[in-house]
Amino acid sequence: MKDFFVDLHVHIGRNGQGRPVKITASERLTFAAVIRECLVRKGLDMVGIVDCACTGVLQDMRVLIDQGELMELPEGGLRHRDRVTVVAGAEVEAVEESGGVSHHLCFFPYLRNLAEFSKVMSRYITNMELSSQRCGLPARELQAVTLSTGGILLPAHAFTPHKSAYGNACQRLGDLFGPGLQELPALELGLSADTALADHLAELEGLTYLSNSDAHSPERIGREYNVIRMHAANFRELALALHRTAGRGVVANYGLDPRLGRYHRSYCLACQAPVQVPPPALACPACGATDKDFVRGVLDRVLSIADRDAPHSPPHRPPYHYQVPLAFVPGLTRAGLDRLLQRFGSEMAVLHQARSEEMQALVGRPVTRSIMLAREGRLPLQTGGGGHYGRVANRPPTGEQLPLFPAEPAQELS
Ligand SMILES: [Zn+2]
Ligand SMILES: [Zn+2]
């Protein structure tokens with residue numbers, strides 16, 4: 001057994017023809033660029049690409065296979081140069097009769113499964129060239145289609161306010177999936193939640209938690225990731241790990257401090273301010289706004305539907321490690337980032353292993369101090385909400401600085 005670094009939620013911005021796939025994703029995010037980023041800068045062993053059922057992307061994958069850049073593994077998954085394994089998947093939007101909308105990740109072992117899924121879904125989705133399209137099916141029917149075409153389905157960013165299972169479609173996954181709940185191997189926590197928060201819900205006890213990046217640009221790949229113990233990086237092993245069978249499993253989650261996520265606390269759009277009262281806040285304490293003018297925070301939502309007063313983790317739950325991605329570190333410039341990556345090899349190595357003295361020589365004392373404080377969980381943070389990321393407190397408003405997740409409209413809610 002070996003431990004693998006895995007991020008299972010990465011989007012594609014443009015297909016090989018230069019046409020948009022995920023409209024809100026960076027145009028630099030092509031299939032080839034994702035692989036390069038995993039390999040060179042992030043140090044990821046396995047990446048789930050969630051726009052593979054889009055017609056142009058399927059085509060790109062076939063070309064890469066023909067060129068020998070991707071190889072379909074007998075156990076499922078696609079290997080690039082014996083270094084990175086791609087798990088091909090789709091993020092699809094389900095709609096309930098009540099109008100509740102939720103996103104789900106569907107993963108498939110082989111291209112033929114994916115093509116079959118894509119074919120079935122084309123009956124329900126108007127534009128198969130684009131990502132995360134609404135399919136008109138409720139979650140349990142989407143799950144049935146996924147299973148019948150040989151895939152696995154898991155709820156994406158399960159608590160975010162506008163497009164997620166708990167945020168918008170249900171109070172209990174059991175209501176959304178019925179008996180299909182037993183077929184869910186895992187659930188994606190999303191950037192604004194962590195294990196402790198999710199463990200307020202008893203029905204999640206049997207599910208594996210995933211911490212994935214939902215990257216819309218190359219820089220964001222791996223801002224959350226999982227360490228998965230398995231025999232090899234392929235689809236079959238991944239499925240075993242998600243079901244925690246035969247010694248396989250997620251052994252650690254690395255995620256943002258949930259306060260840095262964009263939906264951690266409730267936010268009033270009328271007052272343009274996050275709520276300051278203790279959770280759960282389900283209406284604006286200042287102006288009374290609810291519904292349309294009020295974006296329910298993940299913390300507020302979970303505590304309002306929790307069936308436990310305090311989190312209770314089952315014994316199989318791995319540790320959840322907080323990390324502050326380098327893009328959040330005040331004062332770190334693009335040139336500084338490049339120097340760090342060149343010296344230490346990957347963002348993960350900088351965040352978790354690089355020695356303070358060595359970093360100081362490359363990026364100076366204040367930046368190094370922030371990275372070290374972040375590593376110890378002692379960097380002061382300001383909580384995010386309403387679509388605005390949290391931030392490192394006292395971050396200087398001006399000066400040279402890496403763009404903090406650029407070009408991401410507040411309405412892009414995945
Ligand atoms: Zn997504
Ligand atoms: Zn989404």
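One is the number of the first residue; the rest follow in order along the sequence. This structure is a prediction, so every number in the text was calculated from the model and none was measured. All values below were derived from every heavy atom in this structure, side-chain atoms included, with hydrogens, water molecules and symmetry-related copies excluded.
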Colleague: Checking Asn168 side chain against Val101 main chain: does a donor-acceptor pair fall under 3.5 Å?
Modeller: yes

Colleague: Could you report the tightest heavy-atom contact between Val145 and Met121, atom names first, then the distance?
Modeller: CG1-SD, 4.0 Å

Colleague: Distance-only check: which donor-acceptor pairs under 3.5 Å involve side-chain atoms of residues 272-293, not counting sequence neighbours?
Modeller:
none

Colleague: Given 3.5 Å as the limit, does a donor-acceptor pair link the side chain of His243 with the main chain of Ala239, or not?
Modeller: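 Yes: the side chain of His243 pairs with the backbone of Ala239.
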
Colleague: Are the side chain of His312 and the backbone N or O of Ala310 linked by a donor-acceptor pair below 3.5 Å?
Modeller: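 No, the answer is negative, given that no donor and acceptor are paired below the 3.5 Å cut-off.
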
Colleague: Measure up the Tyr225 and Phe5 rings against each other and bin them: parallel (under 30°), tilted (30 to 60°), perpendicular (over 60°).
Modeller: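 Aromatic pair Tyr225/Phe5 classed perpendicular.
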
Colleague: Assess the residue pair Asn113 and Thr149 against the criterion (side chain to side chain donor-acceptor pair (under 3.5 Å)); give the C-alpha distance rounded to whole Å, side-chain angles, the decisive distance to 0.1 Å, and a yes or no.
Modeller: CA-CA 6 Å; Asn113 302 103; Thr149 49; over 6 Å; no

Colleague: Taking all non-hydrogen atoms of both residues into account, name the closest pair between Ile12 and Asp51 and its distance.
Modeller: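 Between these two residues, the closest heavy atoms are N-OD2, 2.7 Å.
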
Colleague: Is the CD atom of Gln342 crowded by more than 12 outside heavy atoms at less than 6.0 Å?
Modeller: no

Colleague: Under the side-chain hydrogen bond (donor to acceptor under 3.5 Å, both in side chains) test, which residues partner Thr85, sequence neighbours left out?
Modeller: Arg79

Colleague: Above 12 or not: heavy atoms from other molecules or residues under 6.0 Å from NE2 of His321?
Modeller: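 Yes, because the 6.0 Å sphere around NE2 of His321 holds more than 12 heavy atoms from other groups.
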
Colleague: How about CZ on Arg236, more than 12 heavy atoms from neighbouring residues, nucleotides or ligands closer than 6.0 Å, or not?
Modeller: no

Colleague: Specify the closest pair of heavy atoms between Ala169 and Leu176, including all atoms of both residues, with the distance to one decimal.
Modeller: CB-CD1, 4.0 Å

Colleague: Indicate whether any N or O donor in one side chain lies under 3.5 Å from an N or O acceptor in the other, for Ser98 and Glu96.
Modeller: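 Distance-only check fails for Ser98 and Glu96.
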
Colleague: Got a sec, which residues hit ring-ring contact (aromatic ring centres under 6.0 Å, His included) with Phe117, two or more places apart in sequence or on another chain?
Modeller: Phe108

Colleague: Does a sphere of radius 6.0 Å around CG in Asn127 hold more than 12 heavy atoms from other residues, nucleotides or ligands, not counting ones at 6.0 Å or beyond?
Modeller: yes

Colleague: Can you pull out every side-chain hydrogen bond (donor to acceptor under 3.5 Å, both in side chains) where at least one residue sits in residues 176-192? Sequence neighbours excluded, please.
Modeller: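 Every pair satisfying side-chain hydrogen bond (donor to acceptor under 3.5 Å, both in side chains) with a residue in residues 176-192: His9-Glu188, Glu188-Asn212.
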
Colleague: Ignoring hydrogens and geometry, is there a side-chain-to-backbone donor-acceptor pair from Ser213 to Ile221 under 3.5 Å?
Modeller: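 Flag not set: sc Ser213 to bb Ile221 has no pair under 3.5 Å.
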
Colleague: Which heavy atom of Arg308 sits nearest a heavy atom of Asp199, and at what distance?
Modeller: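 Closest approach of Arg308 to Asp199: NH1-O, 3.4 Å.
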
Colleague: If you look only at pairs with a residue in residues 239-252, which of them pass as a salt bridge (charged side-chain N to carboxylate O under 4.0 Å, His left out), with sequence neighbours excluded?
Modeller: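 Output for this query lists Glu237-Arg248.
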
Colleague: Under the salt bridge (charged side-chain N to carboxylate O under 4.0 Å, His left out) definition, can you give me all pairs with a residue in residues 2-19, not counting sequence neighbours?
Modeller: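 Output for this query lists Asp3-Arg229, Arg14-Glu27, Arg19-Glu129.
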
Colleague: Testing the 3.5 Å rule here: is there a donor-acceptor pair between the side chains of Tyr209 and Arg317?
Modeller: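 Yes, a side-chain donor-acceptor pair sits under 3.5 Å.
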
